[in-house]
K.L.:
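Handing you a structure now.
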Amino acid sequence: MARITAQADKTWMSKAAFYAMLAPALILLMSTTYPFLSGIYTSLTNQKLYIPASKFVGLNNYINLFETPLFWNGLANTLTYAGAALAIQLPLGLAFAILLDVPGRLQSFFRSAVVLPLLVPPVVAGLIWKTMMHPQSGVLNWLLAQVGIEPLSWLTSPSTAMMSIILIDTWLFTPLATIILLAGLQSVSGEVVEAARIDGADAWQVIRYVKLPLLAPYLLLVALFRVSDSLKSLEIIYSTTKGGPLDATRTLHVMAYEEAYRWSSLGRAMTIVFVLWLVCYTISGALLAFWQKQEAKNRGL
Amino acid sequence: MFSSLFRRGLSRSRATVAAALVATSALSLASAPAYAEMNWKAADGQTINLMLISHPFVESLKPLLPEFTAKTGIKVTYEELAEQSGFEKLLADLSSKTGTYDVFMTSPLNNWQYAAAGWLEPLDGLIANTDKTAADYDVNDFIPSILSAGRWDLTPLKGIGEGSLWTLPINFESYQLAYRPSLLKKLGLQVPKTYADLLAMSDKLAIDGPNGKMHGIITRFDRYWDLPYLTFGTMLQSYGVEMLDKDGKLQICSDKSIAATQDFVTLIKKASPEGAGAFTWYEAMQGFASGQYVFSLNEANLFAPTYEDPKQSAIAGDVGYAPTPLGPDGKRAAAAWIWSLSMNSASTHKDAAWLFMQWVTSKETMIKTHLAGNMNPVRKSAWDAPEVAKLMESWGETPGQYIQAAKTEAEVATIRFPPHPELTRMLDRWAEAIQKSYFGQGDVKTNLCNAQADIQKMLDE
């Protein structure tokens with residue numbers, strides 16, 4: 001009898017322990033799931049900041065959004081921004097990482113120097129660049145004039161504004177790619193490199209055939225970070241162009257911000273945010289699937 | 001003197017003056033000691049927090065804040081932000097009802113949303129309460145129409161000037177054509193009287209200056225509501241355009257509106273630099289003060305103290321002021337902007353907040369801010385104050401030129417828009433159509449008519 005009780009106690013204890021250990025995960029899950037679900041619900045209402053009562057409107061917000069030409073323009077801007085950020089920053093970060101991986105006397109200086117932009121808050125970086133890009137009084141046009149190039153409009157013309165904010169994003173975030181890839185390069189074991197050298201590989205061949213394949217997970221990590229960050233980017237755009245001139249840099253995140261904080265329309269803002277989430281989720285998912293396929297292929301070899 | 005902007009409230013103000021006189025005499029008989037009960041130290045030791053929007057007014061106020069703390073024992077903290085970010089942050093705070101900002105800078109336009117939401121403390125009761133308001137506050141000293149622009153009875157599209165008072169004015173602006181006399185002389189041109197005159201000279205304004213090529217015209221031209229509401233709005237209204245006609249029909253793609261927009265786009269294309277499509281008021285003010293332009297078209301007249309201050313401007317002593325040009329029918333109309341202070345209904349320091357509001361808008365403090373660059377006065381006593389008059393008299397190519405231009409403008413300046421909580425969204429959409437036309441995306445008529453259709457939908461919602 002006593003043994004049975006002890007056993008029951010034990011089951012009870014282990015059950016309690018089980019739930020106690022599960023609790024943090026459950027709380028974490030709740031704290032992310034609840035806002036997410038309530039956000040989706042808000043996107044199905046006409047909720048406005050200045051009207052407390054809101055009405056359920058079904059998919060109206062989504063239908064209206066997809067019918068607005070500005071939405072498709074915003075989606076295109078968002079994808080352009082993220083695509084360009086990745087296409088420029090990944091190779092550039094890799095190039096810097098390879099250069100910084102070469103042992104030399106100034107290596108540690110350059111390593112610290114390259115991280116500096118990461119310490120600048122994006123809003124501050126945006127404001128600094130906005131000043132430098134001023135068409136009349138900015139230093140960039142002054143520099144261009146010194147080498148005889150016509151001044152650019154930078155942030156103030158619809159044809160150059162997107163390019164300009166991508167430039168700022170590149171200045172700010174290439175260092176992130178660089179340090180991750182540098183860490184990757186340095187994790188390549190010396191023995192593998194030595195073996196390749198003995199087999200007669202030159203420096204380029206070591207990078208191309210030994211280091212790069214081993215770097216693949218790091219490249220994917222950078223790609224994931226940069227794509228998801230730049231799809232959601234707001235600070236640089238809002239501190240420089242606020243989505244303009246006209247709609248040249250109006251991304252989905254800027255549109256959602258405007259809906260909420262210029263026009264008080266939470267319902268519509270949440271609709272855009274949810275669409276943006278779907279875009280992020282799809283692209284990140286595709287990247288991960290691509291990686292898993294590569295991994296499987298590598299293991300197969 | 002300032003009839004249109006000022007006349008609207010006159011009939012009411014007469015009634016108010018009469019009522020106030022009766023009330024004052026009754027009080028002096030019955031409860032004269034009540035005045036003694038108004039105690040500036042009533043909220044001693046409290047702290048209030050302000051949301052200030054960067055503006056010459058704020059520069060004039062900051063040095064005076066220690067005086068307020070000394071007088072009342074109330075500590076004042078504040079956040080100062082640029083206009084768009086400030087309003088956005090304010091909206092986030094007001095809607096969450098946390099009461100972070102006890103008092104904030106606003107305007108009748110913004111208040112149409114805030115008041116509808118119940119975020120503003122109505123002020124009539126406080127002004128009438130002799131325990132809380134100083135006997136010499138004298139609310140009837142405010143220019144009646146400017147004060148009554150802060151009243152609204154919460155009826156969409158009408159009722160401005162009726163109902164509760166939501167805000168106290170601290171300055172008002174109308175618009176003007178500022179010019180550089182020395183440059184016009186060099187170019188052999190006269191100050192244009194009409195938009196047609198200005199258009200005719202728009203491609204003759206390029207001139208070489210000490211720092212490279214100079215441009216003809218600067219004005220704000222961003223994709224936001226202030227474009228059709230204020231600066232270009234003044235041009236639109238002089239062409240005879242109002243957002244809604246008498247029957248409540250939108251006039252955004254009327255022939256007159258199309259003509260005004262076409263002329264405006266032509267002016268900017270011919271006489272403004274590349275990048276003009278992104279100028280905010282701040283860039284317009286700085287740009288003209290830096291001496292790179294011949295004209296500042298329809299910009300706020302309260303930039304004059306900045307232009308005239310050699311510390312902030314490269315053109316001090318070489319600026320002239322003229323009323324905004326006349327429209328095709330010889331008509332002049334102008335917009336008005338009234339910076340105001342309102343109290344957060346979620347504030348937990350309402351007594352301290354009210355003491356602050358009445359101190360800022362009192363006769364003495366107002367005059368001190370005007371002398372430090374806060375233009376234009378909203379109290380009659382400030383217009384009559386000799387030191388303010390003397391300062392304003394000195395501005396312009398000839399003595400009294402600024403005052404003359406400001407008075408001419410104030411004759412026709414008023415708020416011609418229907419009060420509506422979503423007016424800024426509608427005007428943003430209108431501004432987008434004007435910008436599209438400037439950047440060559442579609443013709444003026446199609447852009448304006450598309451905007452009108454969208455805005456009609458917003459009105460129907």
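On a predicted model such as this, the values are computed, not experimentally measured, just so you know. Labels below follow one simple rule: chain letters A, B, ... track the order of the sequence lines, proteins then strands, and each chain is numbered from 1.
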K.L.:
Would the number of heavy atoms belonging to other residues, nucleotides or ligands and lying under 6.0 Å from OH of B:Y282 be above 12?
P.N.:
no
K.L.:
For B:D222, is it the side chain, the backbone, both, or neither that has a heavy atom closer than 4.5 Å to a heavy atom of chain A?
P.N.:
neither
K.L.:
Which residue out of B:P421, B:G277, B:A116, B:A278 racks up the most heavy-atom pairs below 4.5 Å with chain A?
P.N.:
B:P421
K.L.:
One pair to check against side chain to side chain contact (heavy atoms under 4.5 Å, CB included): B:Q113 and A:L49. What are the steps and the verdict?
P.N.:
CA-CA 10 Å; B:Q113 184 171 97; A:L49 285 172; 5.9 Å; no
K.L.:
Count the heavy atoms belonging to other residues, nucleotides or ligands that lie under 6.0 Å from CZ of A:F36, then report whether that count exceeds 12.
P.N.:
yes
K.L.:
Run B:R425 and A:S265 through side chain to side chain contact (heavy atoms under 4.5 Å, CB included) and show every step you take.
P.N.:
CA-CA 10 Å; B:R425 182 200 277 270; A:S265 185; 3.3 Å; yes
K.L.:
Which atoms of B:F279 are under 4.5 Å from chain A, going by heavy atoms: the side chain, the backbone, both sets, or neither?
P.N.:
side chain
K.L.:
For A:L70, is it the side chain, the backbone, both, or neither that has a heavy atom closer than 4.5 Å to a heavy atom of chain B?
P.N.:
side chain
K.L.:
Quick one: CG on A:D247 to NZ on B:K436, what's the gap to the nearest 0.5 Å?
P.N.:
6.5 Å
K.L.:
Roughly how far, to the nearest 0.5 Å, is OH of A:Y50 from CG of B:L94?
P.N.:
14.5 Å
K.L.:
Does A:Y238 reach the side chain of B:E88, with side-chain heavy atoms less than 4.5 Å apart?
P.N.:
yes
K.L.:
Quick one: closest heavy-atom pair of B:F439 and A:L246, and the distance?
P.N.:
CD1-CB, 3.9 Å
K.L.:
Heavy-atom distance under 4.5 Å to chain A: side chain of B:A117, backbone, both or neither?
P.N.:
both
K.L.:
Give, as side chain, backbone, both or neither, the part of A:S264 having an atom under 4.5 angstrom from any heavy atom of chain B.
P.N.:
both
K.L.:
Taking every non-hydrogen pair under 4.5 Å, which of B:R223, B:Q435, B:E432 racks up the most with chain A?
P.N.:
B:R223
K.L.:
Measuring from B:S95:OG to A:Y261:OH, what's the distance to the nearest 0.5 Å?
P.N.:
6.5 Å
K.L.:
Identify which part of A:A161 has an atom lying under 4.5 Å from any heavy atom of chain B, answering side chain, backbone, both or neither.
P.N.:
neither
K.L.:
Which residue in the set A:K48, A:R262, A:R268 passes salt bridge (charged side-chain N to carboxylate O under 4.0 Å, His left out) when paired with B:E422?
P.N.:
A:K48
K.L.:
Between atom CD of B:E283 and atom NE2 of A:H134, what is the distance when rounded to the nearest 0.5 Å?
P.N.:
5.5 Å
K.L.:
Would you say that more than 12 heavy atoms from the other residues, nucleotides or ligands in this model lie under 6.0 Å from the CZ of A:F71, or not?
P.N.:
yes
K.L.:
Tell me, yes or no, whether the heavy-atom count around A:E150 atom CD, taken from other residues, nucleotides or ligands under 6.0 Å, exceeds 12.
P.N.:
no
